[in-house]
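Notes follow once the structure below has been shown.
Labels below follow one simple rule: chain letters A, B, ... track the order of the sequence lines, proteins then strands, and each chain is numbered from 1. Below, all heavy atoms of this structure are taken into account, side chains as well, without hydrogens, waters or symmetry copies. What you are looking at is a predicted structure, and each value in this text was computed from that prediction instead of being measured.
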Number of protein chains: 2
Amino acid sequence: MDRLDRKILRILQEDSTLAVADLAKKVGLSTTPCWRRIQKMEEDGVIRRRVALLDPVKVNTKVTVFVSIRTASHSIEWLKRFSEVVVDFPEVVEFYRMSGDVDYLLRVVVPDIGSYDAFYKRLIAKIEIRDVSSAFAMEQIKYTTELPLDYMVLDNQKSGED
Amino acid sequence: MDRLDRKILRILQEDSTLAVADLAKKVGLSTTPCWRRIQKMEEDGVIRRRVALLDPVKVNTKVTVFVSIRTASHSIEWLKRFSEVVVDFPEVVEFYRMSGDVDYLLRVVVPDIGSYDAFYKRLIAKIEIRDVSSAFAMEQIKYTTELPLDYMVLDNQKSGED
DNA sequence: TGTATAACGAAAAATCATTTCGAAAGGACT
DNA sequence: AGTCCTTTCGAAATGATTTTTCGTTATACA
């Protein structure tokens with residue numbers, strides 16, 4: 001991967017609807033090699049998928065809640081089941097195993113506080129959880145799916161400045 | 001918006017590369033009305049954009065850090081500048097104003113702990129911040145851009161069971 | 001300097017998005 | 001029930017874009 005590939009990724013992360021010909025023009029290529037580069041990055045798994053991003057307000061999931069979970073000591077069995085249960089909730093859009101104080105962190109999206117309570121009840125009905133604490137987001141100041149490309153490892157050679 | 005629209009959104013959230021004809025077949029429509037529904041949802045802003053999602057490992061941003069910030073008392077000026085500074089870092093992929101204990105929460109992506117330290121230094125060089133604490137994610141168990149569509153408000157009538 | 005390899009670009013072919021045109025379905029009102 | 005009106009639908013034609021094909025150009029290396 002070189003600077004041209006990075007340029008392509010930068011654009012596709014923002015907007016994947018451009019015609020390959022237009023994208024090619026932007027990065028200074030003709031359509032065929034540009035198309036082939038995209039193809040290759042899809043095969044290599046650099047580009048994982050292309051998706052539509054929806055407006056949370058319009059689909060009635062404006063409220064984000066961060067759920068911190070401390071699990072002290074638990075069996076391997078419990079941890080396995082815990083992960084499975086949590087992953088299956090569509091309201092859970094992010095789920096991390098953490099180092100330090102908190103063991104797991106979830107980002108949950110729901111319409112309102114009431115729905116969060118309902119979600120929480122459904123969650124603890126499925127699996128016993130010791131220490132849970134919820135923090136509500138008042139405002140989403142930034143949310144992007146664009147990963148920074150400044151750390152990418154390039155086969156350095158080739159053209160391009162940006 | 002009815003159940004058909006929801007079906008369409010469900011699919012487009014997963015994969016926006018399908019041909020409209022195929023998508024139409026999946027939801028039980030012919031291509032023209034399906035195309036028009038998509039068009040309308042784009043105009044209405046329900047569908048915000050279409051993007052490519054990249055593999056964090058392949059672009060060298062596998063480490064996620066959650067940064068909690070407490071700002072006690074600060075001027076309006078400071079808060080404004082703080083937001084601007086933070087938003088401008090491409091490593092910050094999510095940024096929330098929170099209720100409760102923590103005032104702001106960031107999700108930051110970087111290649112490794114060392115890069116995080118470098119990022120942190122660049123951040124505090126740009127703006128003075130009182131109380132910061134960082135929590136590292138050991139594992140990303142779930143990450144999806146798919147919002148749950150179960151809370152969507154439908155103009156209830158019409159066809160479809162799912 | 002020759003050769004191999006990899007990347008390029010123009011143009012043709014195939015696929016897909018978008019428009020156009022009627023037809024059908026559902027509601028409201030008489 | 002019937003007519004009008006509105007909305008949604010679908011087949012086919014058009015236009016744009018993706019994908020393939022083929023020949024050319026650049027780059028690395030002996």
Self-check item: Of Ala19(A) and Arg36(A), the one whose closest DNA chain D nucleotide lies more 5'
Solution: Ala19(A)

Quiz item: Taking OP1 and OP2 of dT18(C), is either one under 4.0 Å from a side-chain nitrogen or oxygen of Trp35(B)?
Solution: yes

Quiz prompt | Candidates dC9(D), dA7(C), dA17(C) - which lies nearest the side chain of Arg37(B) | solution = dC9(D)

Quiz prompt | Protein-nucleotide distance (Asp22(B), atom CG; dT15(C), atom P), rounded to Å | solution = 12 Å

Practice problem: Take the protein atom CG of Leu23(A) and the nucleotide atom C1' of dT17(D), then report the distance between them rounded to whole Å. | Solution: 13 Å

Quiz item: Would Glu91(A) and Arg122(A) count as a salt bridge (Lys or Arg N to Asp or Glu O under 4.0 Å) if you check the C-alpha gap in whole Å, the side-chain angles of each, and the deciding distance to 0.1 Å?
Solution: CA-CA 11 Å; Glu91(A) 291 93 342; Arg122(A) 274 184 289 133; 3.1 Å; yes

Quiz item: Do Arg6(B) and Asp2(B) meet the salt-bridge criterion of a basic N to acidic O distance under 4.0 Å?
Solution: no

Quiz item: dT18(D) P sits how many Å from Lys25(A) NZ, rounded?
Solution: 12 Å

Practice problem: May I ask you to check whether Arg130(B) and Thr71(B) show a side-chain donor-acceptor distance below 3.5 Å? | Solution: no

Quiz item: What's the CZ-P distance between Arg3(B) and dT8(D), to the nearest Å?
Solution: 17 Å

Practice problem: For Asp155(B) and dG27(C), give me the distance from atom CG to atom P, rounded to whole Å. | Solution: 13 Å

Self-check item: Residues within residues 27-34 of chain A bordering DNA chain C, heavy-atom distance below 4.0 Å
Solution: Leu29(A), Ser30(A), Thr32(A), Pro33(A)

Exercise. Decide whether Ser134(A) and Tyr116(A) meet the rule of one side-chain donor and one side-chain acceptor closer than 3.5 Å.
Key: yes

Identify all side-chain donor-acceptor contacts of residues 81-90 of chain B below 3.5 Å with residues at least two apart in sequence or on another chain.
unit_1, atom_1, unit_2, atom_2, d
Arg81(B), NH2, Lys126(B), O, 2.5
Glu84(B), OE2, Lys80(B), NZ, 3.3

Quiz item: dT19(D) C1' sits how many Å from Ile38(A) CD1, rounded?
Solution: 12 Å

Quiz item: Is the shortest distance from a Lys or Arg side-chain nitrogen in Glu42(B) or Arg48(B) to a carboxylate oxygen in the other one below 4.0 Å?
Solution: no

Quiz item: Is there a donor-acceptor pair closer than 3.5 Å between any side-chain N or O of Trp35(A) and the backbone N or O of Ser30(A)?
Solution: no

Self-check item: Rounded distance in Å - CG (Leu18(A)) to C1' (dA16(D))
Solution: 14 Å

Quiz item: Rounded to the nearest Å, what distance is computed from the CG atom of residue Asp5(B) to the C1' atom of nucleotide dT7(D)?
Solution: 14 Å

